Amino acid sequence: MMKAEENGFVLASAENFSLKKTFECGQCFRWNLCGDGTYEGVAYGRVLRIWEENGRIVCAAKDEDIPFWHDYFDLETDYSEISVPFSEPPYLRICAEFGRGIRILKQEPWETLCSFIISQCNNIPRIKRIISAMCRLFGEELEYGLYSFPSAQRIASLSEKDLSPLRCGYRTAYILDAARYVSSGMIDFDVLSKIPSYEAFAAIKKINGVGSKVADCFLLYGLHKMDRFPVDVWMKRALKEHFPEDYDPRVLGPHAGLAQQYIFYYTRTGGIS
DNA sequence: TTCCAGGACCGGG
DNA sequence: CCCGGTCATGGA
């Protein structure tokens, strides 16, 4: 399955795992391309460097972390298989072909929730800057220049004034409300991950500043509930222009969220990789 | 200057 | 249920 190479471990074939598409399709904000072509990121307080080499995806990580990363990239799932239902309408088929290689990451729930609260009415470069600053100011240093995402407990211990250097405006109060829900145990991610997605949806929306769209992003990217289909301005446009009137994404089945990711990536890039 | 960015909330119709 | 105004901030 995975064997040691000269410089690292082979995680997968590049055929079904595109680093560029996976990290730049809009689902995550903390993976960055380095000058040498490798991507560098942090998840669950672990650092990873990962790159493509001879048609394979290779990574540098601690040996004992390899199973973790294997799961993080959802490598047990056959994405070509679960993409079979995305054959129509024609626009969706084009999106799915264009996005082949995207993996839906199993991101840290709290980080995902917080990140998509920040994302509302904001642009991606600025979202990344705010999150980066949050980690640098309130996370723990792992290696030089790389920090963990601060825990909900840590954020809950802060005031609006403490968070003011982040310059995230009205979202500050939302972040604090979310941190209190999570740190107090009123919201328990382990519980949410085990109940039906529509129940988790209702529960997470109790947080001030978490509406339908942020809730769905949290469920899809943070709890890996693949049936959720976040609808933002880009999706509204795509649905209006390329799908039948009153189209219900639920017809896409239990992995509709992957279809959403294909559509979002294609629509945002204009089909230009 | 105005508009927009992976929205949410609130009020009124 | 849907509508418009409002909420900070920064870049184009």
Side-chain angles (χ1 to χ4, degrees), chain A residues 20-32 92 95 98-99 102-105 107-109 111-134 137 155 158-181 187 200-243 245-246 248-249 256-272:
Chain A
K20 176 180 174 57
K21 294 177 189 177
T22 297
F23 294 138
E24 297 179 15
C25 69
Q27 65 176 319
C28 56
F29 305 101
R30 295 195 68 206
W31 288 91
N32 295 301
L92 174 55
C95 291
F98 180 77
I102 287 177
R103 318 290 309 178
I104 300 296
L105 303 175
Q107 300 183 62
E108 197 173 341
E111 175 180 338
T112 308
L113 175 60
C114 200
S115 297
F116 280 93
I117 286 173
I118 292 167
S119 79
Q120 65 182 258
C121 207
N122 212 338
N123 58 71
I124 291 178
R126 185 162 168 252
I127 296 165
K128 293 181 74 168
R129 281 202 303 276
I130 291 172
I131 293 171
S132 175
M134 181 179 293
L137 290 175
I155 297 299
L158 303 173
S159 65
E160 290 209 21
K161 188 166 187 172
D162 294 326
L163 293 172
S164 63
L166 302 179
R167 312 286 298 167
C168 52
Y170 61 86
R171 306 169 192 83
T172 303
Y174 298 164
I175 292 168
L176 285 174
D177 192 46
R180 293 191 191 106
Y181 263 96
I187 283 186
F201 180 77
I204 203 71
K205 277 179 64 174
K206 289 194 295 186
I207 298 170
N208 188 27
V210 176
S212 299
K213 191 271 177 181
V214 170
D216 277 334
C217 286
F218 161 73
L219 293 172
L220 177 57
Y221 307 125
L223 293 186
H224 206 66
K225 295 200 179 279
M226 296 279 277
D227 58 321
R228 302 311 300 188
F229 191 95
V231 177
D232 71 323
V233 289
W234 294 91
M235 292 304 301
K236 283 177 186 167
R237 266 177 234 160
L239 288 171
K240 185 173 186 177
E241 295 178 12
H242 304 288
F243 289 72
E245 201 171 350
D246 296 328
D248 187 346
L258 177 59
Q260 180 272 159
Q261 199 61 54
Y262 290 145
I263 297 164
F264 180 81
Y265 181 58
Y266 182 85
T267 305
R268 274 216 60 204
T269 60
I272 301 166

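Worth knowing before you read on, the calculation uses all heavy atoms, side chains too, and leaves out hydrogens, waters and symmetry mates. Sequence lines set the chain letters: A, B, ... in the order given, protein chains first and strands last, and positions in each chain run from 1. Here the structure is a predicted model, which is why all the values come from computation and not from measurement.
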Return no unless some side-chain N or O of A:R237 is found under 4.0 Å from OP1 or OP2 of B:dA5. yes
Q: Please check the phosphate of B:dC9 (OP1 and OP2 only) for any side-chain N or O of A:N208 closer than 4.0 Å.
A: yes
Check: For A:S159 and A:D162, does a side-chain donor sit closer than 3.5 Å to a side-chain acceptor?
Finding: yes
Taking for A:W234 and for A:G209 the nucleotide of DNA chain B with the nearest heavy atom, the one nearer the 5' end belongs to A:W234
Sorted by position of nearest nucleotide on DNA chain B, 5' first, the leading residue of A:R171 and A:K205 is A:R171
Original post:
Has the side chain of A:Y170 got a donor or acceptor atom sitting under 3.5 Å from an opposite partner on the base of B:dG7?
Top reply: yes
N/O donor-acceptor pair, side chain A:Q260 with base B:dG6, under 3.5 angstrom: yes
TODO: Without swapping roles, check the side chain of A:S164 against the backbone of A:K161 for a donor-acceptor pair under 3.5 Å.
DONE: yes
State whether the aromatic ring of A:Y174 stacks on the base of B:dA8, taking stacking to mean ring centres under 5.5 Å apart and ring planes under 30° to each other. no
Contact class for [X] vs. all strands (heavy atom < 4.0 Å): base, sugar-phosphate, or nothing?
| X | value |
| --- | --- |
| A:T172 | nothing |
| A:F29 | nothing |
| A:I130 | nothing |

Between C:dG4 and B:dC3 - P atom distance, rounded Å = 15 Å
Picking from C:dC7, C:dG10, B:dG6, the nucleotide nearest the side-chain atoms of A:R167 would be C:dG10
